[in-house]
Amino acid sequence: GKKEGSKLTPENKLKKALQEGKAVLGPFMKLSDPAVVEIFGHAGFDFVIIDLEHGPLSIETAQNMVRAAEIADITPIIRVSENDPAQISRALDIGAQGVQIPHITTSTEANTAIKAAKFSPLGERGVCRFVRAASYSAMDRNDYFSSANDNTLVIAMIEGTEGIQNIDEILATPGIDVIFIGPYDLSQSLGLLGQVSHPRVFEELERVADKAKAQGLAVGTFADSIESVRKYQALGIQFISYSVDVGIIYEAAVAIPASVCTRV
């Protein structure tokens, strides 16, 4: 007969690390081969952000990338293309342990995202246990609903001036785990467009990080150099997305011919 409750949703080790105040690092993923996810897992990164907003990836491709992440013991997060309950639900149904939601500008929009990512009583996520996240119904339904709520990581992306201006109300929204602030968007909101290394940008990031800590939240940002990673970590920023798979591969590849004196 059917084996009920054969497994539980694994503990989200990334969420636990953030709650313990640890710093975590992971790239955005645009390449479709699950092997690339495995490589980054074996390389020692903490998470990958499977990018369904920018690039060619589909939800079917993402599902195999989530499988690869589990094999390589790296936490799979999916960035959906918009704050859409159907997209958030599908990302979690295929087994993503977190969702990164772009363009959050108000607490109302943050609430929409949280409701879409959590089952009742915490939210209004579409209910279906015949999905990969519930072991295709092999998992006990009650265990699935409760463990999914406990383990799902919700990352709200603040990407424009309006979101920066409304940061206090967004931070106060229950259910968010990480506030992700792009340094370029922050520089624009300060009238310093593109000057991501300006002292005022770092001061503002530190201010937001301190406010987030007071609310029990982590702060995330994007970095594309080791130097900037170290600077952000010094500000107390825990969740750092380090570059993009294609960029990391390009930088490694271009260094080889550039270092050879004789070119064909």
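Small disclaimer: the values here were computed from a predicted structure and weren't measured. The figures here come from the full heavy-atom set of this structure, side chains too, leaving out hydrogens, waters and symmetry mates.
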For the [atom1] atom of [X] and the [atom2] atom of [Y], what is their distance to the nearest 0.5 Å?
X: Ser241; Y: Phe45; atom1: OG; atom2: CZ; result: 11.0 Å
X: Glu169; Y: Thr108; atom1: CD; atom2: OG1; result: 7.0 Å
X: Leu52; Y: Met65; atom1: CG; atom2: CE; result: 8.5 Å
X: Leu235; Y: Arg230; atom1: CG; atom2: CZ; result: 14.5 Å
X: Ser89; Y: Glu124; atom1: OG; atom2: CD; result: 12.5 Å
X: His42; Y: Ile71; atom1: NE2; atom2: CD1; result: 8.5 Å

Looking only at non-hydrogen atoms, find the nearest pair between [X] and [Y] and report the distance.
X: Ser189; Y: Thr161; value: CA-OG1, 3.9 Å
X: Val99; Y: Ala91; value: CG1-CB, 3.9 Å
X: Pro183; Y: Val201; value: O-CG1, 4.3 Å
X: Ile50; Y: Ala62; value: CG2-CB, 3.9 Å
X: Phe222; Y: Phe180; value: N-CZ, 3.7 Å
X: Gly95; Y: Arg132; value: CA-NH1, 3.9 Å

Is there a continuous path of hydrophobic side-chain contacts, each under 4.5 Å between heavy atoms, that joins [X] to [Y]?
X: Val244; Y: Leu57; answer: yes
X: Val131; Y: Val127; answer: yes
X: Ile176; Y: Phe119; answer: no
X: Ile39; Y: Val48; answer: no
X: Ile237; Y: Ile226; answer: yes

Is the centre of the Phe202 ring less than 6.0 Å from the centre of the Tyr232 ring? yes
Please confirm whether Phe28 and Tyr242 have ring centers closer than 6.0 angstrom. no
Taking the side chain as C-beta and beyond, is there a heavy-atom pair between [X] and [Y] under 4.5 Å?
X: Ile49; Y: Met29; answer: no
X: Ser187; Y: His198; answer: no
X: Pro102; Y: Val80; answer: yes
X: Gln97; Y: Leu14; answer: no
X: Gln63; Y: Glu60; answer: no
X: Ile164; Y: Leu186; answer: yes
X: Phe145; Y: Met139; answer: no
X: Ile158; Y: Ile179; answer: yes

side-chain contact (heavy atoms from CB on, under 4.5 Å), that's the test. Do Val178 and Val219 meet it? Break it down for me. CA-CA 5 Å; Val178 180; Val219 171; 6.0 Å; no
Give a yes or no on whether the backbone of [Y] and the side-chain of [X] come within a donor-acceptor separation of less than 3.5 Å.
X: Gln100; Y: Ile155; answer: no
X: Lys15; Y: Asp150; answer: yes
X: Asp51; Y: Ile78; answer: no
X: Lys118; Y: Thr152; answer: yes
X: Thr221; Y: Ile181; answer: yes
X: Asp46; Y: Leu25; answer: yes
X: Gln87; Y: Ser81; answer: yes
X: Ser120; Y: Gly123; answer: no
X: Thr173; Y: Ile170; answer: yes
X: Ser146; Y: Asn142; answer: yes

Do [Y] and [X] meet the salt-bridge criterion of a basic N to acidic O distance under 4.0 Å?
X: Arg67; Y: Glu70; result: no
X: Arg90; Y: Asp84; result: no
X: Asp245; Y: Lys30; result: no
X: Lys13; Y: Asp73; result: yes
X: Glu227; Y: Lys231; result: yes

Hey, mind stepping through Glu162 and Thr106 against side-chain contact (heavy atoms from CB on, under 4.5 Å) and telling me if it holds? CA-CA 8 Å; Glu162 185 179 358; Thr106 64; 3.9 Å; yes
Under the side-chain contact (heavy atoms from CB on, under 4.5 Å) rule, what do Ile94 and Ile59 come out as? Steps first, then yes or no, please. CA-CA 8 Å; Ile94 65 172; Ile59 194 73; 3.9 Å; yes
Determine, step by step, whether Gln238 and Val24 satisfy the side-chain contact (heavy atoms from CB on, under 4.5 Å) criterion, reporting the C-alpha distance in whole Å, the side-chain angles of both residues, the deciding distance to 0.1 Å, and the verdict. CA-CA 6 Å; Gln238 294 175 250; Val24 295; 5.5 Å; no
